[in-house]
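Report on one structure; see the data block that follows.
Naming: A, B, ... by sequence-line order, numbering from 1 per chain. The structure presented is a predicted model; accordingly, all values stated were derived computationally and were not measured.
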Amino acid sequence: MYVCGPTVYGHSHVGHAKSYVSFDLIVRYLRYSGCKVLYVQNITDVGHLTDDADEGEDKIEQRSKIDRLHPMQIAETYTRSYFEDMDALNVVRPDISPRATGHIIEQIELIKRLIERGFAYAVNGSVYFEVSRDKEYGKLSGRRTEELEPGTRVAPNPEKRHQNDFALWKRAGAGHLMQWPSPWGLGFPGWHVECSAMSMKYLGETFDIHGGGLDNQFPHHESEIAQSECATGKPFVKYWVHNNLVTVGNQKMGKSLGNVIILKDAFKSYSPLVVRFFILQSHYRSTLDFTTAALDGAAKGWEKLVNTVRNVGTELSKRNGHGDGAQPAPRQEPETLSESGLAKFRKKFLEAMDDDFNAPQAIAGLFDLSREMNNAMSQGAVPTETLREAAQLFSEFGGTILGILPRDDGRAASGNASLEAELIQLIIDLRRAAREEKLWSLSDKIRDGLSKLGIVLEDKKDGTVWKRAD
RNA sequence: GGCGCCGUACCCAAGUGGUAAGGGGAGGUCUGCAAAACCUUUAUGCGGCGGUUCGAAUCCGCCCGGCGCCUCCA
């Protein structure tokens with residue numbers, strides 16, 4: 001599986017988050033289902049121009065001139081930033097993250113093949129793909145080249161035989177920082193060609209799944225198909241998957257509109273897992289409107305789910321007789337679970353996921369399970385076996401597949417954490433003494449004070465429990 | 001101009017031929033209070049009008065409203 005990765009000339013925004021969380025879900029679920037997935041996602045560090053019609057500046061070079069840094073420094077900085085954000089979103093890293101600049105040779109080879117087969121032509125040190133030679137051009141996006149209106153928005157490029165032709169290789173102008181020798185002189189690769197070269201290098205000339213944002217369907221993916229199939233004579237990709245876009249106030253989020261939300265900013269107000277949960281609460285093919293009201297709602301819902309998971313884990317560890325934990329129950333074979341009363345939840349979840357990765361419906365099933373467990377626990381004795389099964393389902397579905405559950409509840413292993421837990425327990429005990437003497441203002445003061453430190457107390461019938469505010 | 005998507009309760013959002021998931025919000029129960037949890041609630045109704053069908057939110061047609069692509073964008 002190949003997914004179009006980011007062009008690393010700025011920090012990632014919520015659009016990247018929707019895209020890569022969506023494909024992360026697909027990879028996770030395919031692997032869960034037993035498929036062997038080689039996940040390749042490129043890093044575009046050259047060739048992506050600011051302007052249309054193969055004119056304008058390279059985005060990374062432009063950034064490097066503004067910041068007065070080497071282009072590779074720009075690429076490196078934002079590549080790291082990208083992975084940082086994706087890690088926070090609990091996105092599993094691709095198996096291979098090939099850089100365009102690391103595959104100049106492969107791109108040149110592909111261009112040479114296209115020229116040899118008569119699908120491309122060189123002019124003044126640039127090489128263009130001749131769209132009219134490819135009878136199938138437009139088959140992905142349902143477009144016919146005759147219907148496009150060339151030259152309406154940009155001045156025609158006189159080097160092109162036809163204005164729909166797109167650049168495979170561009171002659172480097174004077175002062176162009178990133179350039180490489182080629183059979184056509186010094187230059188740099190076009191944007192589309194990197195994805196063809198790198199995907200075929202690692203996945204073969206025909207591979208199973210190619211993903212990307214809907215906005216890349218045309219012209220990027222269309223051009224990828226043209227280049228690849230004309231060069232190899234074989235089908236390029238079996239399944240195309242396009243995720244829909246993020247809107248802000250029902251308008252497309254875009255640089256030109258100035259409404260781009262950077263992830264690092266979003267994370268100041270919302271935990272990355274809440275952002276992930278929010279994204280997964282709508283289908284990947286639907287647009288997602290990014291509003292604070294919707295995010296706030298998602299945060300509440302997410303906490304509710306996490307609470308139940310925590311409570312099930314706590315209850316289970318009590319039964320097991322040892323201290324803290326929310327440790328997931330030992331993995332069991334599905335066959336064993338299908339005998340249980342919770343089997344219907346497994347079935348519903350998997351059916352939803354099997355139906356075009358319907359995460360919203362799968363999450364709804366998790367909420368149903370949550371209510372069932374809370375109900376059972378509030379009514380008293382729940383069989384340990386049921387608790388274990390519930391913990392297993394949450395861990396498998398909420399954790400392994402959806403990736404929306406925290407890895408631990410913040411009370412895990414380290415020495416400091418255990419000291420902290422003991423101190424908090426001490427405070428809770430002191431507060432209980434105060435409450436027994438009805439010293440309400442003192443006990444509220446303790447609770448408020450802890451709350452400011454991010455520790456939330458809940459007084460239950462059988463004692464006070466604490467958790468971290470998320 | 002060409003291609004395409006969407007319109008489901010106060011808000012977000014699944015469902016795409018068999019009788020409206022889930023979350024938020026609101027009200028209630030419990031509690032010293034708070035929190036958590038549970039319960040209840042809101043669409044004979046899915047933008048409007050026709051049509052096909054035993055049956056339509058789901059299919060078809062027209063209309064209204066919103067948006068996207070055709071130009072760099074995830």
Point to revise | Watson-Crick and G-U pairing of RNA chain B, under 3.5 Å, as dot-bracket with | and [ ] | key: ((((((((.[[[..)..(...]]].((((.......))))......[[[[[..)....]]]]])))))))....

Review point. For A:Arg432, which contact category applies under a 4.0 Å heavy-atom criterion: base, sugar-phosphate, or nothing?
Key: nothing

Practice item. Would you please name every residue forming a side-chain hydrogen bond (donor to acceptor under 3.5 Å, both in side chains) with A:Arg28, sequence neighbours left out? Key: A:Asp24

Study note, to complete from the structure: By side-chain hydrogen bond (donor to acceptor under 3.5 Å, both in side chains), A:Thr247 pairs with (sequence neighbours left out) A:Asp289

Revision key, fill the gap. With sugar-phosphate taken as primed atoms, P, OP1 and OP2 and all else as base, the protein-contact string of nucleotides 24-30 of chain B at under 4.0 Å (heavy atoms; B, S, -) is SS----S

Point to revise | Contact letters for nucleotides 4-10 of chain B, in which S counts primed atoms plus P, OP1 and OP2 and B counts the base, heavy atoms under 4.0 Å | key: -------

Check your understanding: Taking only residues two or more places apart in sequence or in another chain, which ones pass side-chain contact (heavy atoms from CB on, under 4.5 Å) with A:Ala294?
Key -> A:Phe278, A:Thr291

Indicate every side-chain donor-acceptor pair of residues 353-363 of chain A with a distance under 3.5 Å to a residue at least two apart or in another chain.
residue, atom, partner, partner atom, Å
A:Asp354, OD1, A:Tyr29, OH, 2.7
A:Asp356, OD1, A:Tyr284, OH, 2.7
A:Asp356, OD2, A:Tyr284, OH, 3.4
A:Asp356, OD2, A:Arg285, NE, 2.7
A:Asp356, OD2, A:Arg285, NH2, 2.9
A:Asn358, OD1, A:Gln361, N, 3.1

Among all residues two or more places apart in sequence or in another chain, which pass the salt bridge (Lys or Arg N to Asp or Glu O under 4.0 Å) test with [X]?
X        : answer
A:Asp87  : A:Arg93
A:Lys445 : none
A:Arg133 : none
A:Arg171 : A:Glu159

Distance between [atom1] atoms of [N] and [M] (Å, rounded):
N      : M      : atom1 : result
B:rG47 : B:rA57 : P     : 10 Å
B:rG66 : B:rG28 : P     : 39 Å
B:rC46 : B:rG4  : P     : 27 Å

Practice item. Determine whether any donor atom in the side chain of A:Arg371 lies under 3.5 Å from an acceptor atom in the base of B:rC38, or the reverse, and answer yes or no. Key: no

Study note, to complete from the structure: With sequence neighbours left out, the residues meeting ring pair (Phe, Tyr, Trp, His ring centres under 6.0 Å) with A:Tyr270 are none

Review point. What do you reckon, are the aromatic ring centroids of A:Phe397 and A:Phe345 less than 6.0 Å apart?
Key: no

